[in-house]
Amino acid sequence: MLQKIRLLALRLGLMNKTNYDSDFCGRLPLNQTNMIQPYGYLLIVEASEMKIIQVSENVTELFDKPLAEIINSQLGRFIPQVEVLLQKYNEGIRDKVPIAITIAGNEHLALVHSKNDLLLIEVEKNRYSNPRKFIDFYQQLKYIFAKIELGNSVEKVCEIAVTELKNLSGFDRVLMYQFDQDWNGTVVAEKHEEGMHPYLGHKFPASDIPKQARAMYQNNAYRFIPDRDYQPIKLFPIINPHNMSFLDLSDCNMRSVASVHVEYLKNMDVAASLSIRIIKDEKLWGLISCHNKTPKYLNYEICSSFELLSMVISGKIASAINKKKFEFLSSLQQTRERLIDNIYTENDLVKGLLLNEVTVGDLLRADGVCIAFKGKINSIGITPSVQDMENLSYWLQAKNIDKTFSEINLSAIYENAEDYAEVASGVIVLPINADRGDYIIGFRKEVIQDIEWGGNPNQAINFEPDGKNYHPRNSFQVWKETVKQTSLPWSEEELSSAEDFRSFLFEYTTRYLNN
C-alpha cells in the first residue's frame with residue numbers, strides 16, 4: 001500500500017523525485033573539460049591572422065619546440081598547408097574536414113573545424129605503419145551497405161548492423177540500444193565474444209548517457225575512447241585568450257572524458273569504447289556501443305567509416321519504421337472508415353460501434369470497450385462490471401477530460417481501479433460529450449512485465465558523504481524489476497487515430513443526435 005501511495009504522489013507531483021538524467025548529470029559541463037585524450041594533438045588558431053593562440057600541452061613533441069615558442073606563432077611556421085586551411089575557412093566550411101598536413105617532414109591527418117572566429121585543428125598520431133588499401137576497405141564497406149539494405153525490419157537491420165560492425169572493427173562486443181520516451185536504453189541487438197556477459201534485452205537508466213551527452217551526438221557521429229586509463233592532456237594556456245574562458249570542446253573528437261565515465265567503463269570491464277549515433281527524424285533514436293577488453297586504437301579511416309555507416313544505418317532504420325507506421329496507419333484508417341459506414345447504416349451510434357463485424361474495439365486495439373451514452377452503459381469484450389464502468393465515467397466527468405486520454409496504469413491515478421486491474425489496467429477514453437458524461441472507454445488487460453536492468457537503476461548514481469562527488473554503480477549484473485497493474489501502451493498512431501475518430505463522433509452527435 002505504501003508503494004501505491006508513493007507512486008500516486010509522484011504522479012500527482014506531491015513528491016520530488018530526483019532525476020539524475022537532468023537534475024544532476026544533465027548539468028555537468030562535459031564540453032568544457034579543457035583537456036584532451038592523448039591519442040592526438042589539438043591546435044586552436046585565430047582564423048583572421050592564422051595565429052596559434054592555444055594548444056594541447058603535448059604539441060611540444062609534435063613540433064619539437066617549447067610551449068612558449070609555439071604560442072602566438074604563425075601557423076605557417078609549422079604547417080605549410082596553411083593556405084589550404086584558410087581557403088576552406090573563407091569558403092564558409094565549418095564542419096570537420098580531413099586534411100593531410102606535413103609537420104617536420106612527416107605526414108599527418110588533421111581534422112579541421114571552426115568555432116566562431118577560431119579554427120580547431122585535431123592532429124592524429126601516426127600509429128599505423130601498414131595502412132589498408134582504399135579499394136579493399138571500400139569493397140568491405142560496399143558489402144556492409146548491401147547487407148544492411150537486405151534488412152526488412154528494424155530488428156533485422158539492428159542485427160545485421162552489430163554483426164557487420166563487429167567484423168569490421170574487431171571490437172570484443174558491439175551492441176545497439178534504443179532509447180524509450182524517458183531516455184532509458186534497451187539493448188535490441190548484440191554480438192560479443194564467448195565468455196562475455198550478455199546484455200541483450202537489458203535496460204540501462206537514462207543517467208548512463210545524460211541529456212547533455214546525448215545532445216552532443218547531434219553534432220558528432222561517434223565518440224571514441226581508445227584507452228580508458230589515459231592521462232589527460234591539458235590545454236595551454238588554461239584560459240582561451242580569444243573568449244577569456246574555457247574553450248567549448250563539444251565538437252572535438254579528442255575531448256577528454258568525465259572521470260565518472262572512466263569509472264563506469266572500469267566497472268563494466270571495458271578498456272576501449274566507441275559509440276555511434278542512430279538518428280531518426282533529426283532526433284537521437286539510439287546508439288551503437290563498441291567495447292573492447294584491452295586498449296584499441298583506430299585511425300581516422302575506420303572512424304570515418306563508422307560515421308558513414310551511422311548515416312546508412314540511421315536511414316535504413318527510419319525507412320523500416322516509417323514503412324511499418326504507414327501500413328499501420330492505413331489499417332487504422334480503413335477500420336475508422338468502416339465504423340463510420342456502420343454508424344450511418346445502422347442510424348444508431350451504439351449499434352454502429354459495437355454490433356458489427358468491425359467494432360470500435362478494433363480501432364482502439366482494446367480487449368474490451370464500453371460506451372457510456374445517454375445514461376446507459378453498453379459494452380463488449382473483457383471489461384469491469386457495469387457498476388465499475390459507471391463509476392469510472394463519473395470520475396472522468398469530474399476530471400473534465402474532453403480530449404482523447406490514455407493511461408496504462410489506471411490504478412495509480414484512480415484508486416478504485418485497483419479492484420479490477422487484471423482486466424483493465426489500461427484505458428483509452430474518447431469523450432463524446434464530456435458535459436453529459438458520454439464516453440467511449442477502451443480497456444487493456446494487465447501485462448505483468450519482468451524488466452531486466454543492467455545493474456540496479458536505483459543505484460545508478462552513488463554520492464559520497466560530501467553530496468557533491470559521486471560514482472556510478474559498480475555492478476552491471478541483472479537486476480530484475482517486476483511491473484504490475486500496467487497494460488501495453490497506446491502508440492502515437494493509435495492515439496492520433498482515436499482523436500480523429502473522437503472529433504467525428506462529436507460532430508455526428510452534435511448534428512444528428514443533440515435534441
Side-chain angles (χ1 to χ4, degrees), residues 1-12 15 17-21 153-155 158-159 175-190 197-209 285-287 289 321 324-325 328 361 364-369 381-384 392 405-429 441-460 473 475-495 498:
M1 185 64 184
L2 181 61
Q3 183 179 6
K4 178 65 67 176
I5 293 173
R6 183 176 182 276
L7 178 58
L8 177 61
L10 286 171
R11 298 291 287 273
L12 297 178
M15 291 178 62
K17 180 180 179 182
T18 300
N19 178 1
Y20 291 122
D21 175 45
S153 67
V154 174
E155 296 76 15
C158 293
E159 180 184 337
L175 59 83
M176 180 184 292
Y177 61 93
Q178 177 185 352
F179 293 115
D180 63 17
Q181 69 275 10
D182 297 318
W183 295 107
N184 301 310
T186 300
V187 179
V188 295
E190 180 184 28
H197 177 74
Y199 291 118
L200 184 62
H202 292 190
K203 189 180 285 286
F204 291 81
S207 56
D208 282 8
I209 307 176
W285 180 88
L287 286 176
S289 288
I321 292 174
K324 186 175 181 179
K325 179 179 178 180
F328 185 49
L364 302 180
R365 299 296 200 269
D367 298 307
V369 176
I382 302 172
T383 65
L392 178 59
F405 163 81
S406 72
E407 173 58 59
I408 64 171
N409 184 206
L410 180 60
S411 60
I413 59 173
Y414 177 53
E415 188 175 354
N416 293 349
E418 189 171 359
D419 296 333
Y420 50 83
E422 185 176 348
V423 299
S425 283
V427 295
I428 182 170
V429 180
I441 309 173
F443 301 98
R444 282 185 176 175
K445 296 182 294 185
E446 177 185 36
V447 176
I448 299 177
Q449 300 180 66
D450 290 322
I451 300 176
E452 295 187 340
W453 291 88
N456 188 343
N458 300 316
Q459 298 175 359
R473 61 193 181 282
S475 173
F476 290 85
Q477 292 299 313
V478 176
W479 190 88
K480 291 188 177 181
E481 176 187 19
T482 299
V483 179
K484 298 181 178 180
Q485 297 187 357
T486 62
S487 72
L488 295 176
W490 277 268
S491 67
E492 292 182 9
E493 294 78 25
E494 289 169 327
L495 292 174

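Under the 4.5 Å side-chain criterion, counting only non-hydrogen atoms from C-beta, Val423 is not in contact with Phe443. Here the side chains of Tyr414 and Val427 are not in contact, with every heavy-atom distance at 4.5 Å or above. Taking the side chain as every heavy atom from C-beta outward, Ser406 and Leu495 approach each other to under 4.5 Å. Looking only at side-chain heavy atoms (C-beta outward), Lys324 and Val154 stay at 4.5 Å or farther from each other. Here the side chains of Thr383 and Tyr420 are not in contact, with every heavy-atom distance at 4.5 Å or above.
For the atom pair CG (Leu175) and SG (Cys158), the distance works out to 11.0 Å, reported to the nearest 0.5 Å. The OG atom of Ser425 lies 7.0 Å from the CG atom of Asn409; values are rounded to the nearest 0.5 Å. With rounding to the nearest 0.5 Å, the separation of CD in Glu446 from CD in Gln485 is 6.0 Å. Here the CD1-CG distance, from Ile428 to Leu410, works out to 13.0 Å after rounding to the nearest 0.5 Å. One finds the CH2 atom of Trp183 at 10.5 Å from the CD1 atom of Ile209 (value rounded to the nearest 0.5 Å).
Here the closest heavy-atom approach between residue Phe328 and residue Ser491 is recorded as CE2-OG, 3.7 Å. Residue Gly426 comes nearest to Ser487 through the heavy atom pair CA-OG, 3.3 Å, listed as atom of the first residue, atom of the second, then distance. Of all heavy-atom pairs between Glu494 and Pro489, the closest is OE1-O, 4.2 Å. Nearest heavy-atom pair, Trp453 versus Pro205, reported as atom, atom and distance to 0.1 Å: CZ3-N, 3.6 Å.
No more than 12 heavy atoms of other residues, nucleotides or ligands sit less than 6.0 Å from atom NZ of Lys445. Few gaps surround CD on Glu481; more than 12 heavy atoms of other groups in view lie less than 6.0 Å from it.
Side chain of Arg365 to main chain of Arg444: no donor-acceptor pair is present (N/O by atom type, distance under 3.5 Å, no hydrogens or angles). Between the Trp490 side chain and the Leu364 main chain, a donor and an acceptor come within less than 3.5 Å of each other. Put simply, the side chain of Glu190 gets close to the backbone of Tyr199: a donor and an acceptor are under 3.5 Å apart. Of the possible donor and acceptor atoms, one in the side chain of Asn184 sits under 3.5 Å from a partner among the backbone N and O of Ala206. The backbone N or O of Thr186 sits nowhere less than 3.5 Å from a side-chain atom of Gln178 that would complete a donor-acceptor pair.
Under the side-chain contact (heavy atoms from CB on, under 4.5 Å) rule, Tyr177 has a single partner from Val187, Asp208, Val188, Leu200, which is Val187.
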